[in-house]
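Here's the structure, in structure tokens; my notes come after.
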Amino acid sequence: MAKNIFNSFFGMPDESDNENYENLNRNVNGRPNLNPRKVFSITENRIPDSQINIMEPRIFADAKSISNKLMSGNAVLIKMNNVQPATIRRIVDFLNGTVFAIDGSIQQIDEHVYLCAPKKFAIDGDVKQRFNKRLENKNDYSN
């Protein structure tokens, strides 16, 4: 008796109501009806949007913004064509620390191009090798 009062107070059906509800939600073949108007929470278990950012740092201080992008779950393609070699080393060392902390990965794609990715990104194969093959093919067609 107390259970029925508790269930009705909180709007919970009792066991006989559950059986009737399940029978109502079955089609003629005995399969459950799929309701296209079901309501789902968009805040729970939502996969965050993944992004790949392309950044061109000029000075060592720009490494902090790249690191922030990585820590927020985004991959970053870094082009350092206009950066001094000593600064490139410092930026790459800093980003190696960030990548290690987030259990991510870093790959050098070209002489001045790096790809940093957090753990949730899968980098398939050797990106550097593919990039160089594309450049070779592009140069073959332009000649």
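Keep in mind the model is a prediction, meaning the values are calculated, not measured.
Rounding to the nearest 0.5 angstrom, the gap separating the CG atom in Asn81 from the CZ atom in Arg58 is 9.0 Å. The SG atom of Cys116 sits 11.5 Å away from atom CG of Asn53, with the distance rounded to the nearest 0.5 Å. Interatomic distance, CD of Gln107 versus CG of Leu115, reported as 6.5 Å (0.5 Å rounding).
Among Asp110, Val92, Asp62, the single residue meeting the side-chain contact (heavy atoms from CB on, under 4.5 Å) criterion with Met80 is Val92. Among Val99, Thr98, Ile102, the single residue meeting the side-chain contact (heavy atoms from CB on, under 4.5 Å) criterion with Ser67 is Thr98. For the side-chain contact (heavy atoms from CB on, under 4.5 Å) with Tyr114, the qualifying choice from Ile66, Ile88, Ile91 is Ile88, the only one to do so.
Put simply, Phe60 and Leu70 are part of the same group of oily side chains (I, L, V, M, F, W, Y) that touch within less than 4.5 Å, one to the next. The hydrophobic cluster containing Ile109 does not contain Met55, counting ILVMFWY residues as joined when their side-chain heavy atoms lie under 4.5 angstrom apart, directly or transitively. With hydrophobic clusters built from ILVMFWY side chains whose heavy atoms lie under 4.5 angstrom apart, Met71 shares a cluster with Ile106.
Between His112 and Lys79 there is no side-chain heavy-atom pair separated by less than 4.5 Å. Residues Ile78 and Leu95 meet the side-chain proximity criterion, which asks for heavy atoms closer than 4.5 Å.
With hydrogens and angles ignored, the 3.5 Å screen pairs a side-chain donor or acceptor of Lys120 with a backbone N or O of Gly73. Without hydrogens or angle criteria, Ser72 side chain to Asn68 main chain gives a donor-acceptor distance under 3.5 Å.
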